[in-house]
There are 2 protein chains.
Amino acid sequence: MATGRTHRPATRSRGIPEATVARLPLYLRALTALSERSVPTVSSEELAAAAGVNSAKLRKDFSYLGSYGTRGVGYDVEYLVYQISRELGLTQDWPVVIVGIGNLGAALANYGGFASRGFRVAALIDADPAMAGQPVAGMPVQHTDDLESIISDNGVSIGVISTPAGAAQQVCDRLVAAGVTSILNFAPTVLSVPDGVDVRKVDLSIELQILAFHEQRKAGEDVAEAAAVVPSAARAVAEAAADSSASVDGDGSGDSRKGPDGDVPAVMPA
Amino acid sequence: MATGRTHRPATRSRGIPEATVARLPLYLRALTALSERSVPTVSSEELAAAAGVNSAKLRKDFSYLGSYGTRGVGYDVEYLVYQISRELGLTQDWPVVIVGIGNLGAALANYGGFASRGFRVAALIDADPAMAGQPVAGMPVQHTDDLESIISDNGVSIGVISTPAGAAQQVCDRLVAAGVTSILNFAPTVLSVPDGVDVRKVDLSIELQILAFHEQRKAGEDVAEAAAVVPSAARAVAEAAADSSASVDGDGSGDSRKGPDGDVPAVMPA
DNA sequence: TCATGTGAAAAGATTCACAGCA
DNA sequence: TGCTGTGAATCTTTTCACATGA
């Protein structure tokens with residue numbers, strides 16, 4: 001292995017903190033919904049609720065973009081939609097290629113949200129010769145052999161990888177060599193890329209594992225804690241807690257971590 | 001709306017930071033690969049490289065779990081695989097339901113990584129009567145009417161939502177009422193859930209928008225970078241840049257529309 | 001000798017709380 | 001009066017650097 005390059009810090013893009021950038025799409029979505037309902041203005045409190053964050057955070061986020069609100073009133077919806085779109089680079093069109101047209105790749109190709117906001121699927125690419133020419137989402141699949149020319153002919157700078165894990169790095173290398181500088185990786189593998197190339201990953205099993213961690217914690221919370229050491233016991237605990245149907249109650253909240261503290265646990269190694 | 005119980009202090013076992021929890025699956029994957037190649041031990045440096053993080057972070061992460069390494073040697077691969085699996089709750093089996101068997105739902109159902117590590121697809125559920133009984137990934141799709149009984153009969157505590165955005169909240173409410181306490185949401189919408197329920201979201205268009213943001217930044221960098229007159233707004237940026245050593249990527253502060261420093265935005269009427 | 005484990009420092013993100021302006 | 005915008009305080013995460021122990 002050893003393809004050299006690993007991740008890179010690469011944060012601070014312009015003055016805007018990375019955490020803020022990651023929330024802008026959320027605000028944009030909420031604003032777009034308001035816009036469609038012809039709501040003219042919105043307060044930080046309302047918008048924050050719609051986006052699932054708290055208002056102080058939202059105001060702080062917006063303060064990095066500039067002063068786009070009106071004190072005592074709120075934000076002009078249309079204006080904010082425009083400003084955030086511009087900040088995110090959505091006022092231009094981004095051609096995207098999807099490499100790996102299996103179940104997932106096909107689902108992505110069919111996903112409407114793609115085209116809606118500034119992104120356009122320029123090509124679907126797969127290594128299987130049998131797929132070449134076959135239409136998926138109204139588009140003929142092209143063979144990997146033509147990857148380089150497709151990228152350059154269409155001026156593609158964003159690539160989506162939905163190949164099996166084993167093929168991902170190779171595909172990634174070819175995409176990068178052909179000029180792609182942003183990659184969205186659905187393959188369950190770590191990609192090595194040179195500096196200047198951004199990679200974001202979407203990984204189903206990682207998300208599930210994080211949920212399982214918290215789930216296990218919840219189960220243990222109600223009953224014993226020491227059970228955590230003994231797998232078989234933890235299982236019984238989990239099952240016991242499974243039927244405790246929760247009482248619903250309005251008010252949403254995202255996720256949250258609690259239980260500070262951090263004393264010594266430890267089970268000695270073998 | 002407080003239904004009495006706030007989060008229990010639960011000030012007991014390890015207070016593992018959320019950021020660390022999110023990386024454990026990454027380490028586990030890398031370790032599993034090493035295990036398959038029968039590698040007996042690994043150093044923090046090697047493992048970190050395989051997981052795409054730096055070694056200091058990895059060691060700090062592991063220190064929250066306990067002292068599982070051997071100074072001067074490294075970590076025992078098998079032992080670590082076990083410890084992390086246990087910590088993540090993967091030594092038990094988690095039945096999962098997938099609600100919304102469209103393109104994406106079907107792709108998820110077919111996704112192998114699901115079953116591999118502690119997760120088992122207990123049922124596929126869809127609201128379309130025409131789909132009921134139809135096999136997807138070797139499993140008959142069941143109708144939404146039976147959602148509650150499916151959840152309780154199988155002791156499901158983790159649900160995956162891959163419905164259209166419009167149906168997601170309703171499905172979420174039913175899952176939660178039926179006892180699900182962890183949700184992985186693929187629908188492009190913010191879900192409201194009561195305290196105690198975890199939601200994680202996977203959102204293609206958000207990821208693309210984040211990439212577009214950085215991509216736009218890169219494009220501007222080529223042109224403006226050289227002459228980049230740091231806008232007065234970039235005080236924080238300047239300080240950070242002074243410290244970060246060889247970070248390529250610069251900070252593309254060339255683009256200077258307006259800034260947080262109070263000058264007036266552009267045009268754009270209401 | 002060598003790589004872990006960890007205090008301490010630095011950087012980053014969130015929350016508080018209120019001044020300031022429409 | 002009401003809501004934005006933002007310094008300051010707080011909390012979290014990352015990085016540093018080295019004592020520690022196999």
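Numbers restart at 1 for each chain; the letters A, B, ... are given by sequence-line order, proteins then strands.
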Task: Flag for B/Thr181-A/Glu215: side-chain donor and acceptor within less than 3.5 Å - done: yes

TODO: Take atom CG of A/Leu58 and atom C1' of D/dC3, then tell me their distance rounded to the nearest Å.
DONE: 12 Å

- [ ] Would you jot down, in residue-number order, the residues of residues 37-47 of chain A having a non-hydrogen atom under 4.0 Å from DNA chain D?
- [x] A/Ser43, A/Ser44

Open item on the list: Under a 3.5 Å cutoff, is there a donor and acceptor pairing between the side chains of B/Ser205 and A/Arg29?
Closed with: yes

Open item on the list: Whether the side chain of A/Arg59 and the base of D/dT4 hold a donor-acceptor pair under 3.5 Å is what I'd like checked.
Closed with: no

Open item on the list: I want to check a possible cation-pi pair here: B/Arg23 against B/Tyr27, using under 6.0 Å from ring centre and within 45° of the ring axis as the test.
Closed with: no

Task: A/Gln216 side chain vs B/Arg86 backbone, donor-acceptor pair below 3.5 Å - done: yes

Open item on the list: Does C/dT14 have OP1 or OP2 under 4.0 Å away from a side-chain N or O of A/Arg23?
Closed with: yes

Task: Nucleotide D/dT4, atom P - distance to OH of A/Tyr79 in whole Å - done: 16 Å

Task: Atom-to-atom span, CG of A/Leu80 to C1' of D/dG5 - whole angstrom - done: 14 Å

Open item on the list: We want to know whether A/Ser35 and A/Glu78 form a side-chain donor-acceptor pair, criterion being a heavy-atom distance below 3.5 angstrom.
Closed with: yes

Task: Touch class at under 4.0 angstrom, heavy-atom based, for B/Tyr75 against every strand present - done: sugar-phosphate

- [ ] Give a yes or no on whether the ring-centroid distance for A/Tyr68 and A/Tyr75 is below 6.0 angstrom.
- [x] no

